[in-house]
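Take a look at the structure set out below.
These numbers were taken from a predicted model, which means no experiment stands behind them. Sequence positions, counted from 1, serve as the residue numbers for this chain.
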Amino acid sequence: MISIRELRDGDEVECSRVLKRAFEWYMKLPGSQWLEKKLSPENVRSALDGITMVAVEGDSIVGCVNFTISDYNAAYVSIIGVLPEYSRRGIGSLLLEETERLCRERGVRKIWLMVSHINHAAILFYLKHNYEIAGFLKNMTLNGVHEVIMAKDLR
């Protein structure tokens with residue numbers, strides 16, 4: 001059974017492993033070394049500002065999400081990832097739904113994120129969860145990889 005909880009001290013190594021595995025495909029792209037460094041165990045706690053939630057099965061972390069809430073009551077999801085062998089089991093949905101629930105509790109009116117235009121599965125995932133395409137940033141994270149800005153009204 002999968003449960004969702006906040007990241008605890010000592011979870012950094014496992015959370016780093018999960019996110020690196022979830023974004024293994026991205027880290028093969030030329031110029032993506034910045035992400036591997038950001039997701040190193042020593043940087044996970046400091047690089048992931050805000051609130052980090054993890055999906056746990058037994059004693060193992062199988063997914064992570066990080067989000068921040070601004071002073072103007074909008075939340076930004078900086079990263080969400082699930083181990084590849086756990087994908088398509090609803091874990092990403094559980095993490096996203098818990099994020100939205102926590103945001104609503106805190107009075108957040110809008111939630112947004114960026115997803116690479118080449119990550120079709122993720123774009124479809126967010127559309128399924130009623131996110132709308134709000135913009136497009138060319139060459140944002142890598143040359144030739146564009147970011148689709150997606151947002152959802154939480155009111």
Within-4.5 Å side-chain heavy-atom neighbours: [X] and [Y]:
{"X": "Leu142", "Y": "Trp34", "result": "yes"}
{"X": "Glu100", "Y": "Val108", "result": "no"}
{"X": "Leu154", "Y": "Arg109", "result": "no"}
{"X": "Phe125", "Y": "Leu96", "result": "yes"}
{"X": "Val54", "Y": "Val18", "result": "no"}
{"X": "Leu113", "Y": "Tyr131", "result": "yes"}

Show your working on salt bridge (charged side-chain N to carboxylate O under 4.0 Å, His left out) between Arg101 and Glu105 and close with a plain yes or no.
-> CA-CA 6 Å; Arg101 185 189 70 74; Glu105 277 183 2; 2.3 Å; yes
The criterion is ring pair (Phe, Tyr, Trp, His ring centres under 6.0 Å); which residues satisfy it with [X], sequence neighbours excluded?
{"X": "Tyr86", "result": "none"}
{"X": "His117", "result": "His146"}
{"X": "Tyr26", "result": "none"}

Between Lys38 and Ile79, is a side-chain contact (heavy atoms from CB on, under 4.5 Å) present by the stated rule, with each step listed? CA-CA 11 Å; Lys38 177 181 178 177; Ile79 197 160; 5.7 Å; no
Measuring from [X]:[atom1] to [Y]:[atom2], what's the distance to the nearest 0.5 Å?
{"X": "Glu36", "Y": "Gln33", "atom1": "CD", "atom2": "CD", "value": "8.5 Å"}
{"X": "Thr99", "Y": "Leu94", "atom1": "OG1", "atom2": "CG", "value": "10.5 Å"}
{"X": "Ile61", "Y": "Leu7", "atom1": "CD1", "atom2": "CG", "value": "6.5 Å"}
{"X": "Met150", "Y": "Ile111", "atom1": "CE", "atom2": "CD1", "value": "12.0 Å"}

*With sequence neighbours excluded, residues passing salt bridge (Lys or Arg N to Asp or Glu O under 4.0 Å) with Lys110*: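 Lys110 satisfies salt bridge (Lys or Arg N to Asp or Glu O under 4.0 Å) with no other residue.
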With Glu57 as partner, the option from Val62, Leu83, Ile91 fulfilling side-chain contact (heavy atoms from CB on, under 4.5 Å) is Val62
Of Ile80, Ile51, Val82, which meets side-chain contact (heavy atoms from CB on, under 4.5 Å) against Val65?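 Answer to the side-chain contact (heavy atoms from CB on, under 4.5 Å) test with Val65 among Ile80, Ile51, Val82: Ile80.
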Scanning both residues in full, the closest heavy-atom pair of Gly81 with Ala22 reads CA-CB, 3.8 Å
Identify the two heavy atoms, one from Ala55 and one from Ile2, that lie closest to each other, and give their separation to 0.1 Å.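 Result for this residue pair: CB-CG2, 4.0 Å.
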Residues Ile118, Leu29; criterion side-chain contact (heavy atoms from CB on, under 4.5 Å); working and verdict: CA-CA 11 Å; Ile118 57 176; Leu29 299 173; 3.9 Å; yes
Requested in this report: Considering only Ile, Leu, Val, Met, Phe, Trp and Tyr, and joining two whenever side-chain heavy atoms are under 4.5 Å apart, list the other residues clustered with Tyr76.
Outcome: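 For the cluster that includes Tyr76, the remaining residues are Trp112, Met114, Leu137, Met140, Ile149.
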Using a 6.0 Å cut-off, check whether atom CD of Glu132 has over 12 heavy atoms from anything other than its own residue.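 12 or below, so no.
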Heavy-atom count check: over 12 atoms from other residues, nucleotides or ligands less than 6.0 Å from Asn143 CG?
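No, the 6.0 Å shell around CG holds no more than 12 heavy atoms from other groups.
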Checklist line | Shared hydrophobic cluster, Leu19 / Trp25 (ILVMFWY, side-chain heavy atoms < 4.5 Å) | finding: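 Yes, Leu19 connects to Trp25 through the hydrophobic network.
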Give the intermediate values and the outcome of side chain to side chain donor-acceptor pair (under 3.5 Å) for residues Glu147 and Ser116. CA-CA 5 Å; Glu147 296 300 312; Ser116 298; 3.0 Å; yes
Taken in chain and number order and not counting sequence neighbours, the residues that satisfy side chain to side chain donor-acceptor pair (under 3.5 Å) with Arg89 are none
